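Read the structure below first, then the notes.
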Amino acid sequence: MAVKSVIEAVREAIREEMERDSKVFVIGEDVGIRGGVFLATQGLAEEFGNNRVIDAPLAEASIMGIALGAAFRGMRPIPEVQFSDFVWPSVNQLIGEAARTCYGTNGAVPVPMVIRMPYGGGIRGGLFHSQNVETHFFHTPGLKVVAPCTPYDAKGLLKSAIRDNNPVVFLEHKKTYRLVRGEVPDEEYTLPIGKADVKRQGSNLTVVSYGLTLHYCLEAAEELAAEGVDVEVLDLRTLSPLDTATILESVKKTGRLAVVHEDNITGGVGAEVAALAAGQAFEYLDAPIARICGPDVPTMPFAQTLEDAYMPTSDKIAEGLRRLAAY
Amino acid sequence: MAVKSVIEAVREAIREEMERDSKVFVIGEDVGIRGGVFLATQGLAEEFGNNRVIDAPLAEASIMGIALGAAFRGMRPIPEVQFSDFVWPSVNQLIGEAARTCYGTNGAVPVPMVIRMPYGGGIRGGLFHSQNVETHFFHTPGLKVVAPCTPYDAKGLLKSAIRDNNPVVFLEHKKTYRLVRGEVPDEEYTLPIGKADVKRQGSNLTVVSYGLTLHYCLEAAEELAAEGVDVEVLDLRTLSPLDTATILESVKKTGRLAVVHEDNITGGVGAEVAALAAGQAFEYLDAPIARICGPDVPTMPFAQTLEDAYMPTSDKIAEGLRRLAAY
Amino acid sequence: MPRKPTTRTRANSSNGANSQAKLPKGLKASDLVDYYTRLVQARSLDERIWMLNRLGKVPIAASSQGHEAAQLGSLLAAEKDGDCFLFPYYRDLALKVAAGLSPVQVMMSFMGKAGDPYSHGRQFPLQGADLPHKIIQISNVVAAGLTQSVGYALACRMAGDETVVLVYFGDGATSQGETHEAMNFASIHKLPVIFICENNRYAISTPQSAQMVVEEVASRAASYGFPGFTVDGMDLIQCYEATREAITHARAQGPVLLEMMVKRFMSHTTDDDDRRYRPEGEVERARERDPVITFARTLIEEGMLTQKMVDEIAAETLRSTDEATDVADVSSPPDASNLHDSVYSP
Amino acid sequence: MPRKPTTRTRANSSNGANSQAKLPKGLKASDLVDYYTRLVQARSLDERIWMLNRLGKVPIAASSQGHEAAQLGSLLAAEKDGDCFLFPYYRDLALKVAAGLSPVQVMMSFMGKAGDPYSHGRQFPLQGADLPHKIIQISNVVAAGLTQSVGYALACRMAGDETVVLVYFGDGATSQGETHEAMNFASIHKLPVIFICENNRYAISTPQSAQMVVEEVASRAASYGFPGFTVDGMDLIQCYEATREAITHARAQGPVLLEMMVKRFMSHTTDDDDRRYRPEGEVERARERDPVITFARTLIEEGMLTQKMVDEIAAETLRSTDEATDVADVSSPPDASNLHDSVYSP
Ligand SMILES: Cc1ncc(C[n+]2csc(CCOP(=O)(O)OP(=O)(O)O)c2C)c(N)n1
Ligand SMILES: Cc1ncc(C[n+]2csc(CCOP(=O)(O)OP(=O)(O)O)c2C)c(N)n1
Ligand SMILES: [Mg+2]
Ligand SMILES: [Mg+2]
């Protein structure tokens, strides 16, 4: 096992799958000679040629529509959206078309495609380079949504996503790209889409999160451990389909639930997790469900002070958990 | 007071506001001589001229972007999206730009615009003419979202939306257009955005809904009344900003909450309402929170059998409420 | 590929008879008779469907009446070529019927029955996919199919196929940004795509003059450095020939834009009433060049058909339509349990 | 308005000196000296900002070096006209600076301080609105400003204004569908919009050849029946003159597309490293026509400036830049409580 960064894990997954299956190809802005603005596809154009690593014109709707059309013909495209903030021009193809293709053809036309998007804030990206877009895809039946937070998960899940016969929105938190490092097996492996992962066992309360904030939850959990509160940290990893069984099991065990995410609180993924518990684990709940999430302002502003004020940090999370434990 | 249909109320509201304020104008596909495909703007081109009722080319992104740009200059545009299903090509302008304009200019550029959209199913519209799109806008800070279900509410809220200095997504359920009729005052009135309405008082349980299903909830409530269960029916009317005070008050009173909507259950508005109650009225809850919502399939199929199977009908709602009351 | 394409308008035969004196290249007389029969069958179904809507048995329909020569002429070229894939749009009823569906299948689709070959009753009629006949149309969202068709062509090239893709759309669709994006990408990669614009000069009620300043959609091909032609879309043989040439060009050199000038005989859909916005007499005048009539006339003039045969075809297709209506009417709708199937692919 | 527009390429002075022997129409010598000063100030700030990025004080910047002649030439025309409104894009640093901001304001914006005049530190530098100088740029989402600018022009007409709108974008933005939609709508309504494409032949790493097949973006104006011109974007006076003419045309007859051929001297942004994808020597060659140098040369040749004055301007602007840097550096960031303000307008 070698220690790798998230971006390295992503790159390896793409490379290995392109090698394994000639139907896999990459399309996006600056993915070729530039290797993508985050270098996720660095070296791939050299290795696989410009026919399999296609530098598209600056037009997201066409990138998505062309990838989708190629999937109809049995290819396995990996369109890259340069920043998730720029996905909007393309969502008619994604939410309107790709998500409903299998259903709208009664299963005749599967859509094996992975839409990769760097997302999230904390990198001084301001209003248009920090966006959390997961909820829109989470709320779209027909899409799968994956949001890993470690190199190990990123690689295993991306490989599974590429082999999946459905449109998978694959969300890579930009701040984790180089910041988060971890062991990645040398040998081939995949991880199942739709399975949450207990990143920390605990008995007093359950925190559900994903992406960058998962790491902050782990830090907060350590803080609380020092105070004698044993926190279970559950990493959703896949948002859709949601692993309801694992969530409910943990909540039933601890009786206390907090949901943490960077995305705006109202109507976010956390609302669904809370609703799930309030509907199906009601008898087990010993306290109100807490949500420690991004406030309802349009994502993270540019100034450091404002970005910090937006972000659910480990301190803010610890404070929320403390209150929940004390209820 | 005269009895009117929802579509008549909508038309009257637009007409009156256009008369009152020369800055108000309509832009959309076929809104002029055709009067819109649902005739919401019938007669307006004749009355106000083609400069204030603009037949746009078939290009939703430009309709939204042009309306937005006009709002920058102080106009009060009312862009119409012919069916909500066709909003996707335009959401970069709506979610990306309009919603963040005020915030991104620190308040210097307000966006007085109302985006009207016929939405929802039950009219044999199939996968691409039945869409519930509210959640995507509900989850976008900077937008307001209004979804009335009676002619009275539609008129009063639409007039307020037109006078509001923010982008308001105004959702008109297609099936209510001609089906739902009700009294509308002859004199001028407006209704406040952000206020839910208790459409039926009750003491045993609270049902929260909006749009077409609100009517089905009222029917179900009558059924349950006959069985001795006194149901309070709360019409959100405005989804964003959500009237959390009214919801919590009702839940605290009844101790039992069901949320009903046509939109897909996972991550829908109902999840937020449930999470709200589970977070802020936890001690008052006597039963698990129930959600009676559209299933997680891409909206309503075309065939009658499939459409019926999708729809939360009054029977399905009554059954859910019965179970909740019996808990 | 010419870098400075010119827009060529093919001869417009104003009397409605086809200008071809001999058999078009690559065709036998039997092909034309066959296509005439398909045309009449499509028209018969189309008329019946409209009637069934008024009877409450068909919730919605978009008619292809007046567009059939464009649809069938291009289809004939695709069929003769033998390696084409089609991305039609919602008005391509005649195309989809003529591509090989049985009248019963067509009626099943319009009535939302389980036998609907496109979507098993999930979608609007004849929308979804008919893979046996090499057709995909995921939605009726205007212009959404264009980039998809370009992606399909890209994939064919990657897979080593020689397939040419034909994608259909109306004049209204040219306003959508994605139309620009699709043509631009196809031109950069010289992909074998034929963009077929069935220009009836209306997007529902919106006349061409409110949609664009240019006279000919085909002229926009210049923005992408590929050829664009405007042809008489009421003339099946002209449409066949133009498409056949375009297929050859597309396979060798990349995209072509074919604008086929057609007339919409009916309201936009069964939900529309075009008397609100259409000048009186316009449809009547347009019907003088009804392809069902003019094509028959040509075939009779050329000695490929007799009036008697024409009458027999009319009778036979009507019988099929009747029968199909009856069969579909009593057939089963999809089972409610199907609602939950195929949201995801295994 | 000409229905068949032609693309006219204005004379390209290959030696970098401006070809104008006399004062351009409508200008005084002092205007040119003034604009030269603004140009030098903008360049000085631009260079400093890049340096401050390397020092960790500016998180991100897009440089306008190499684009300044296009930006300032068109700005000068707008200013002389007196009734223009601007929708710039993220690369229009020089334009925004020259439009009237103080160097301190500029530095505040780049450092994300409360004194940022565009967004109070919420957005990327110089993004948001500068209404006192008639500028709006809501986002840096490529091409999003185009339809907005068209809507703004529509509103001006509704309000009875004579305002002409100038909207700026790069070659990359021409691939976006919205660019097509914006131009199409503007042409139908003959709106007073000037589409200014600053063509540096790159969208980040993607060369023009991978973005489009046509040589000149300006040729696409033909698709919308309005005039399109390609001008030398390294020549401030030529850009002034072309824009001045375009303003007159736009006000009377509707849209114009001006393609200004420029060179991007720097990497795409401070986050980019163009050595990955740019041929060696390209930037060096491009810098031979650096507008800061060529414009000074012209003004000296024309006797409007002396070398001494040029040196003084350089020293003075540098002093302003130094001072601005220091002032901004110690100024306050926005208060954290501001996070929640202005999500909605009252
Ligand atoms: C994106 C989108 N916007 C609006 C509609 C509603 N609509 C359906 S057809 C149509 C007009 C299309 O006109 P055109 O492309 O010329 O095709 P035609 O019907 O004339 O054959 C409109 C506005 C739609 N289906 N999709
Ligand atoms: C919709 C969208 N997609 C992608 C990006 C990322 N991006 C920023 S600038 C740029 C290239 C723009 O090139 P061009 O329009 O030629 O302008 P230039 O930077 O060359 O001046 C890209 C891809 C973006 N900002 N917006
Ligand atoms: Mg049309
Ligand atoms: Mg460029």
Side-chain angles (χ1 to χ4, degrees), chain B residues 22-25 27 49-52 54-77 79 89-90 92-93 96-113 140-144 164-168 193-194 240-241, chain D residues 85 87 114 116-124 127-132 136-139 141 143-159 161 163 165 167 176-189 191 193 334 338-346:
Chain B
S22 64
K23 293 197 180 69
V24 178
F25 75 96
I27 183 168
N50 284 327
N51 289 333
R52 290 182 65 201
I54 302 173
D55 267 333
L58 206 171
E60 284 77 10
S62 62
I63 292 171
M64 203 65 78
I66 285 161
L68 177 57
F72 295 169
R73 177 62 189 71
M75 303 299 290
R76 308 188 84 83
S90 79
N92 185 52
Q93 290 295 340
E97 304 282 313
R100 298 184 221 169
T101 294
C102 184
Y103 195 69
T105 61
N106 196 33
V109 182
V111 175
M113 106 172 167
T140 304
L143 298 181
K144 297 187 178 181
D164 199 289
N165 285 326
N166 295 282
V168 181
I193 291 176
S240 179
Chain D
F85 197 97
F87 281 77
D116 164 27
Y118 268 76
S119 77
H120 197 68
R122 285 175 174 178
Q123 292 224 51
F124 270 12
Q127 202 169 286
D130 177 14
L131 294 183
I136 290 182
Q137 184 202 329
I138 296 309
S139 82
V141 177
L146 277 89
T147 55
Q148 295 164 16
S149 74
V150 171
Y152 196 94
L154 178 71
C156 288
R157 170 178 296 171
M158 284 176 166
D161 288 4
T163 309
V165 175
V167 58
Q176 284 285 23
E178 283 199 27
T179 302
H180 165 70
E181 295 186 17
M183 292 188 186
N184 192 42
F185 191 94
S187 72
I188 293 166
H189 292 270
L191 292 171
V193 180
N338 176 268
L339 177 70
H340 299 278
D341 297 344
S342 297
V343 177
Y344 294 94
S345 180

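What you see is a predicted model; the values in this text were computed from it and never measured. Chain letters run A, B, ... following the sequence lines, proteins first, then strands; residues in each count from 1.
The candidate with the highest count of non-hydrogen atom pairs below 4.5 Å against chain D, out of B/Val111, B/Asn51, B/Ile27, B/Thr101, is B/Thr101. Taking B/Gly96, B/Ala67, B/Pro110, B/Gly104 one by one and counting their heavy-atom pairs under 4.5 Å with chain D, the maximum is reached by B/Gly104. Per-residue counts of heavy-atom pairs under 4.5 Å with chain D were compared for B/Met75, B/Arg52, B/Gln93; the largest is that of B/Gln93. The most heavy-atom pairs under 4.5 Å with chain B, out of D/Leu146, D/Ile188, D/Asp161, D/Val150, come from D/Asp161. In terms of heavy-atom pairs under 4.5 Å with chain B, the best-connected choice from D/Pro117, D/Ala129, D/Ala144 is D/Ala144.
Heavy atoms closer than 4.5 Å to chain B are found nowhere in D/Leu191, neither backbone nor side chain. For a residue to count as touching a neighbouring chain, one of its non-hydrogen atoms must lie under 4.5 Å from one of that chain's; by this rule B/Ala61 touches chain D with backbone and side chain alike. Contacts between D/Pro346 and chain B at a heavy-atom distance below 4.5 Å involve the backbone alone (N, CA, C, O). Heavy-atom distances place the side chain of D/Phe87, and not its backbone, under 4.5 Å from chain B. Only the side chain of D/His189 comes within less than 4.5 Å of a heavy atom of chain B; its backbone N, CA, C and O stay farther away. Residue D/Tyr344 touches chain B through both its backbone and its side chain, counting heavy-atom pairs closer than 4.5 Å. Residue contact with chain B, scored on non-hydrogen atoms closer than 4.5 Å, is absent for D/Gln137. Heavy atoms closer than 4.5 Å to chain B are found nowhere in D/Asp130, neither backbone nor side chain. Only the side chain of B/Ile54 comes within contact range of chain D, with at least one heavy atom under 4.5 Å from a heavy atom of that chain. Both the backbone and the side chain of D/Ser139 come within less than 4.5 Å of a heavy atom of chain B. At a 4.5 Å heavy-atom cutoff, B/Lys23 makes no contact with chain D through either its backbone or its side chain. With a 4.5 angstrom heavy-atom cutoff, B/Asn166 touches chain D only via side-chain atoms.
With contacts defined as side-chain heavy-atom distances shorter than 4.5 Å, the pair D/Gln123/B/Arg100 does not qualify. Contact check for D/Asn184 versus B/Ser62: no side-chain heavy atoms found under the 4.5 Å cut-off. Within the 4.5 Å cutoff, side-chain heavy atoms of B/Asn165 are placed close to those of B/Arg76. Counting only heavy atoms from C-beta outward, the side chains of D/Leu339 and B/Tyr103 approach each other to under 4.5 Å. At a threshold of 4.5 Å between non-hydrogen side-chain atoms, the residues B/Phe25 and D/Leu154 count as touching. D/Arg122 is listed as a side-chain neighbour of D/Asn338, based on a closest heavy-atom distance under 4.5 Å. Proximity of D/Val167 to D/Tyr152: side-chain heavy atoms (C-beta onward) are nowhere separated by under 4.5 Å. Using a 4.5 Å heavy-atom cutoff, the side chains of B/Glu97 and D/Thr147 are not in contact.
Between D/Gly121 and D/Pro334, the shortest heavy-atom contact is CA-CG, 4.4 Å.
Expressed to the nearest 0.5 Å, how far CD1 of B/Ile66 lies from OG of D/Ser149 amounts to 9.0 Å.
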